[in-house]
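To find a chain, count down the sequence lines: A is the first, B the second, and so on, and within it residues start at 1.
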2 protein chains.
Amino acid sequence: MPREHKDPDEKIRERNIRLIIKAGIEIFSRKGYDGTRIAEIAEASGLPKANVYYYFSSKEQIYTAIIEHLLEGWDNALKYITADREPAEAFRLYIRAKLDYTRKNVAESRLFASEIIQGARFLKKKDRQHVRDVTDRHVAVVEAWIAEGKILPVDPRHLFIMLWASTQFYADFEPIAADGLKKPRLKVEDYEMAAKTIAETVLRGVLPQG
Amino acid sequence: MPREHKDPDEKIRERNIRLIIKAGIEIFSRKGYDGTRIAEIAEASGLPKANVYYYFSSKEQIYTAIIEHLLEGWDNALKYITADREPAEAFRLYIRAKLDYTRKNVAESRLFASEIIQGARFLKKKDRQHVRDVTDRHVAVVEAWIAEGKILPVDPRHLFIMLWASTQFYADFEPIAADGLKKPRLKVEDYEMAAKTIAETVLRGVLPQG
DNA sequence: ACAAAACCTGACCAAAGTGTCAACTTACTA
DNA sequence: TAGTAAGTTGACACTTTGGTCAGGTTTTGT
């Protein structure tokens with residue numbers, strides 16, 4: 001029988017949890033919460049179902065563990081908006097980093113999107129608060145830029161929504177994006193072209209001189 | 001036993017199918033395909049489950065009927081991009097119409113988003129082709145504008161993805177959009193401000209004079 | 001070496017869900 | 001108004017699935 005454990009080394013446990021999370025991201029992102037069956041996660045992770053339940057006591061627990069896990073990765077891509085940077089540079093870096101992260105973590109991106117579309121049922125209060133805090137900080141920077149005359153007056157919150165939406169789209173709605181670009185699948189070059197187009201479009205609209 | 005019917009009037013049938021579709025849009029959009037139980041659709045439409053099966057032979061059939069239905073509504077919002085219009089006016093109208101449609105059809109929007117995120121499992125070939133055709137026509141218009149020097153050179157396909165993404169976002173990811181705007185829920189004013197911000201940002205970036 | 005903790009797993013269960021059906025009622029038509 | 005087509009429905013058959021469990025094996029600390 002399993003009990004409380006406060007282990008010193010934990011090899012097996014770590015590995016198996018990693019395998020389960022990995023398989024979970026893949027399958028939850030493709031099928032959504034309800035569409036995912038634990039048996040499938042078990043199979044994909046190479047573990048028998050009962051073994052999955054040895055590490056996680058419920059489907060929901062696997063799911064929330066994954067959400068938690070992916071929110072950690074988010075912040076890195078968003079650290080470029082700082083008051084001491086020039087706006088043009090900051091936006092370019094931000095857009096590029098976000099698209100890069102999105103491209104390399106398509107499954108996570110979709111999983112998050114799925115979760116939000118279905119009303120953020122399992123997204124914790126504190127996680128939402130975290131997102132809000134990050135946004136507030138960025139908004140403050142943009143407002144400072146506006147005050148300094150470095151960019152034209154624009155609603156910073158809607159601006160960030162535009163950026164977030166545009167960058168997410170390529171991963172979340174890949175079939176539509178690919179159709180729109182007349183390609184069978186998106187490649188690195190497409191993400192690069194996206195970064196360029198988004199940055200150019202937004203910047204010329206945001207910079208004073210045009 | 002039900003058979004082929006080629007009816008002249010069809011009141012009851014029409015009404016019930018409408019009720020089922022309506023309930024289906026609501027529930028599929030909130031729970032996704034797999035998360036939706038026919039019993040729930042039945043309850044929401046005020047019909048017993050067996051009666052739902054009298055009109056639709058399977059869950060999938062209800063779902064694809066809905067997808068079909070909502071694609072029809074799409075086109076209206078997209079008719080403003082025509083070569084004889086001035087770019088600024090065309091984009092403003094397009095953005096406004098798209099956001100308007102999205103706001104008034106939140107459930108449909110989300111249902112579509114859900115379907116795409118999960119790999120467009122049930123989206124028919126011909127429907128995808130239709131979306132592609134519409135895009136092609138719009139792209140041609142933008143290319144003409146560029147050739148005439150009416151707008152700066154920009155990749156039209158990525159530009160449309162930006163517009164599509166930005167306008168969809170408010171409905172599809174309402175919880176995040178609301179958090180970002182620091183509001184409990186989105187209202188008409190928020191959609192109006194969104195239209196203004198998106199249009200301003202894109203136009204100043206796309207128009208030659210800045 | 002030995003015990004205890006950690007790990008593993010086939011078999012099982014109860015709940016929930018899709019789809020069916022036979023019998024019934026209502027609506028239409030000639 | 002009689003006959004037929006359309007619509008209605010409770011009950012049920014069958015399958016899937018989240019979750020449990022008893023008893024087994026392996027790992028670890030001393």
Quick one: [X] [atom1] to [N] [atom2], roughly how many Å, whole number?
X	N	atom1	atom2	result
Glu14(B)	dG7(D)	CD	P	11 Å
Lys11(B)	dT26(C)	NZ	C1'	15 Å
Phe56(B)	dG7(D)	CZ	C1'	15 Å
Arg37(B)	dA16(C)	CZ	P	11 Å
Lys59(A)	dG18(D)	NZ	P	5 Å
Ile20(A)	dC7(C)	CD1	P	11 Å
Tyr53(A)	dT9(C)	OH	P	17 Å
Gln61(A)	dT20(D)	CD	P	11 Å

Please list, by residue number, the residues of residues 39-52 of chain B whose heavy atoms come closer than 4.0 Å to an atom of DNA chain C; answer none if no residue qualifies.
-> Lys49(B), Ala50(B)
Between [Y] and [X], is the closest basic N to carboxylate O distance under 4.0 Å?
X	Y	result
Asp136(B)	Arg132(B)	no
Glu192(B)	Lys196(B)	no
Asp190(B)	Lys183(B)	yes
Glu174(B)	Arg103(B)	no

Using OP1 and OP2 only, check whether a side-chain N or O of [X] sits under 4.0 Å from [N].
X	N	value
Tyr54(A)	dC7(C)	yes
Arg13(B)	dG7(D)	yes
Asn16(A)	dC8(C)	yes

Side-chain donor-acceptor pair under 3.5 Å between Lys124(A) and Gln129(A), yes or no?
-> no
Looking at the side chain of Ile12(A), which of dA27(C), dC7(C), dG19(C) is the nearest nucleotide?
-> dC7(C)
Can you label the angle between the Phe28(B) ring and the Tyr33(B) ring as parallel, tilted or perpendicular, going by 30° and 60°?
-> parallel
Using 30° and 60° as the class limits, which term best fits the ring planes of Phe122(A) and Tyr63(A): parallel, tilted or perpendicular?
-> perpendicular
Touch class at under 4.0 angstrom, heavy-atom based, for Tyr55(A) against every strand present | sugar-phosphate
